[in-house]
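Side chains included, hydrogens not; waters and symmetry mates left out as well; all remaining heavy atoms used. By convention in this document, chain letters (A, B, ...) are assigned in the order of the sequence lines, proteins followed by strands, and residues within each chain are numbered from 1.
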There are 2 protein chains.
Amino acid sequence: MFAESRIAPSVTINQPVAGRQRAGHLWSSLTDVCSLLQVTPIAAASTADDVVFQHVQFKTGQRLFTVGQPFDALYILNSGFLKTVMLDEAGNEQVLSFPMKGDVLGVDGIHAKQYMSEAVALSSCDVIVIPFKVFSSLGRKYPELELSLYGVMSRELAREQSMAGMLGSLSAEARVGRFLVALSERYAAMGYSGKEFNLRMTRQEIGSYLGLTLETVSRTLSAFDRIGYIAVEGRSIILKDMPTLKTLRRLPPSQSRSKEVVAVKKSAADVSFDAAEDLLAA
Amino acid sequence: MFAESRIAPSVTINQPVAGRQRAGHLWSSLTDVCSLLQVTPIAAASTADDVVFQHVQFKTGQRLFTVGQPFDALYILNSGFLKTVMLDEAGNEQVLSFPMKGDVLGVDGIHAKQYMSEAVALSSCDVIVIPFKVFSSLGRKYPELELSLYGVMSRELAREQSMAGMLGSLSAEARVGRFLVALSERYAAMGYSGKEFNLRMTRQEIGSYLGLTLETVSRTLSAFDRIGYIAVEGRSIILKDMPTLKTLRRLPPSQSRSKEVVAVKKSAADVSFDAAEDLLAA
DNA sequence: CGCCTTATTGACCCTTATCAATTGGTGTGG
DNA sequence: CCACACCAATTGATAAGGGTCAATAAGGCG
């Protein structure tokens, strides 16, 4: 039983935390949760292995929580794929993120005591439920733990910031290119192939996430394929030129070049710039 | 001394926390900080009035911290105006926010132990420095305090999310309109007039923040003025039709209308829709 | 007082949204 | 088991929103 609940972290990182069976549900220990979060296991945590967290399964299309629902728990994704969405005043969905294994969900509900977004399963999912009350009392007991939540939120904030930067200043090609590379890196971090993978979301959802229409996403993918940066066939993607995809030139829309930094890094930048022009010419 | 350091919250909200003079610098108590953050004063805080936080002054153009600088403190803006910016790979500035009194700065540095953005003074500023070590130990002593940091970060995250939504789906007019209204509401919350105020930032900076060019910002403001939604003259703004500015129609770019919600709220929505068309016609 | 930054406005056109038609895939019911 | 319906994706035609370039005016600030 102990052996099962304490698999070596290096192994658990690349496959779902097994947890243990009890009363027909899966449960995870604090140690399991830490390894899932890639947090250096808390020294004292093993003494608290009696604290267990419940797993819940969701099928495609189901929602973990919805906008306005009272906030009471954080969720950690153990396996499967999700999207999180905001709803504007007209009820239109705007995709905010595509959480994957190890990601924390529901953080935006802490402030107003109700969730500000919705999390929708894009596949069968297994999530660990962390009641917020339990979490914060644990945080008091293990300062490293609360620091790690600060870390998670801070990272999330930084991600959202660079997302805003991207939406504000990059061309469609650059957005799609970076999106693919980001996905690739996350798959790779999970132990899957970073070169070949299947998209779990529709063009519509990608477009909503990137601030583009589904047609533009489709066209851009087709263009990338034609040029040879990738191979697409429906939702299957093979990346062939990640460096170029990652650095595709921003057509300088917010030309907010600080006058100090004008002619910086000519060589490296212009390589990807030329590549972008090829793309447009094709 | 007590009287000075514990001004009634209702008063301190609308004017800089005075703090107390000591060794040529201003200092604030924990109670002062709480009132600045609009956090319900911590019950036990008065017993900890020996904990004081240093104020620091910055002049226009100076930076509170820069990208890559080791993270060691959070900052709370006591008076003045700032911008925070990210730098892309080419060194171009992208404006992320325009912090005002009571806002917390530096949160994005927690995760990687170094600041991910820069904070630049747009006017003379007075900020309170909260060494993060001090903060987290205080958090352990006063759970309400740490909860309030969670709250701040969570709110910040939600703000950033709706910002991303706005960048991804709203027209230039809608962005500028909402920007003005948001500014207005923040000025009002600080006790200033929400109807008439001066912009503290350039068109360039507004554009960078909204994902537009300075020309588009300028043109949009001129158009608003022509129609009568506002009166502009350089950086002075008078809002004349806030409801319309706030609800200016989103030209449906990411037409991700969920099929359930199609013909919702006709009357209210179409009023602002018509208004938007007037704008474009003018 | 004069320089330099900021703002305004016009002309042009490129990128990307919009509208529309077609195909392929999947699931369901006759 | 096939036909039909439905959804995702691709691709083309068209146009407009907003970016780029440029010239001028209006402010600050040393």
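B:Asn198 places its CG atom 14 Å from the C1' atom of D:dG27, with the value rounded to the nearest Å. Rounded to an integer number of Å, the gap from CG of A:Leu170 to P of C:dT15 is 15 Å. The interatomic distance linking B:Lys59 (NZ) with D:dC29 (C1') rounds to 15 Å, in whole Å. Atom CE of A:Met201 and atom P of D:dA9 are 11 Å apart (whole Å). Taking atom CG on B:Leu221 and atom P on D:dG18, their separation rounds to 14 Å, with Å as the unit. Summarising the geometry, the separation between CD on B:Glu233 and C1' on C:dT6 is reported as 15 Å, rounded to the nearest angstrom. Counting to the nearest Å, the C1' atom of D:dG19 and the CG atom of B:Leu214 are 11 Å from each other. For A:Leu212 and C:dT18, the CG to P distance is 11 Å, given to the nearest whole Å.
Checking the phosphate oxygens (OP1, OP2) of D:dG18, no side-chain nitrogen or oxygen of B:Thr216 falls inside 4.0 Å. Not one side-chain nitrogen or oxygen of B:Ser218 sits closer than 4.0 Å to the OP1 or OP2 atom of C:dT6. A sub-4.0 Å separation between OP1 or OP2 of D:dA9 and a side-chain N or O of A:Arg235 is present.
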Inset, instruction - Start with the C-alpha distance between B:Glu185 and B:Arg178, add both sets of side-chain angles, then the distance that settles salt bridge (charged side-chain N to carboxylate O under 4.0 Å, His left out), and finish with yes or no. - result: CA-CA 10 Å; B:Glu185 288 170 348; B:Arg178 293 183 183 209; over 6 Å; no
Inset, instruction - Please lay out, stage by stage, how B:Ser117 and B:Asp108 fare under the test side chain to side chain donor-acceptor pair (under 3.5 Å). - result: CA-CA 7 Å; B:Ser117 59; B:Asp108 64 7; 2.7 Å; yes
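Checked options B:Asp103, B:Leu77, B:Asn78; the residue passing with B:Val127 is B:Leu77 (criterion: side chain to side chain contact (heavy atoms under 4.5 Å, CB included)).
Of all the heavy atoms in A:Leu105 and A:Pro99, the pair that sits closest is CD2-CG, 3.5 Å. Of all the heavy atoms in A:Tyr229 and A:Leu245, the pair that sits closest is CB-CD2, 3.9 Å. The minimum heavy-atom distance linking B:Arg203 with B:Gly234 is given by the pair NH2-O, 2.6 Å.
The side chain of A:Thr202 lies closest to D:dA8 when the candidates are D:dT10, D:dA8, C:dT8. In this structure, of D:dG18, D:dT20, C:dT8, it is D:dT20 that holds the atom nearest to the side chain of B:Thr213.
Taking the ring centroids of A:Tyr209 and A:Phe98, they lie under the 6.0 Å cut-off.
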Report, one pair per line, the protein and nucleotides 12-15 of chain D atoms (nitrogen or oxygen only) whose separation is under 3.5 Å.
{"from": "D:dG12", "atom 1": "N7", "to": "A:Arg219", "atom 2": "NH1", "distance (Å)": "2.7"}
{"from": "D:dG12", "atom 1": "O6", "to": "A:Arg219", "atom 2": "NH2", "distance (Å)": "3.0"}
{"from": "D:dA13", "atom 1": "N6", "to": "A:Arg219", "atom 2": "NH2", "distance (Å)": "3.3"}

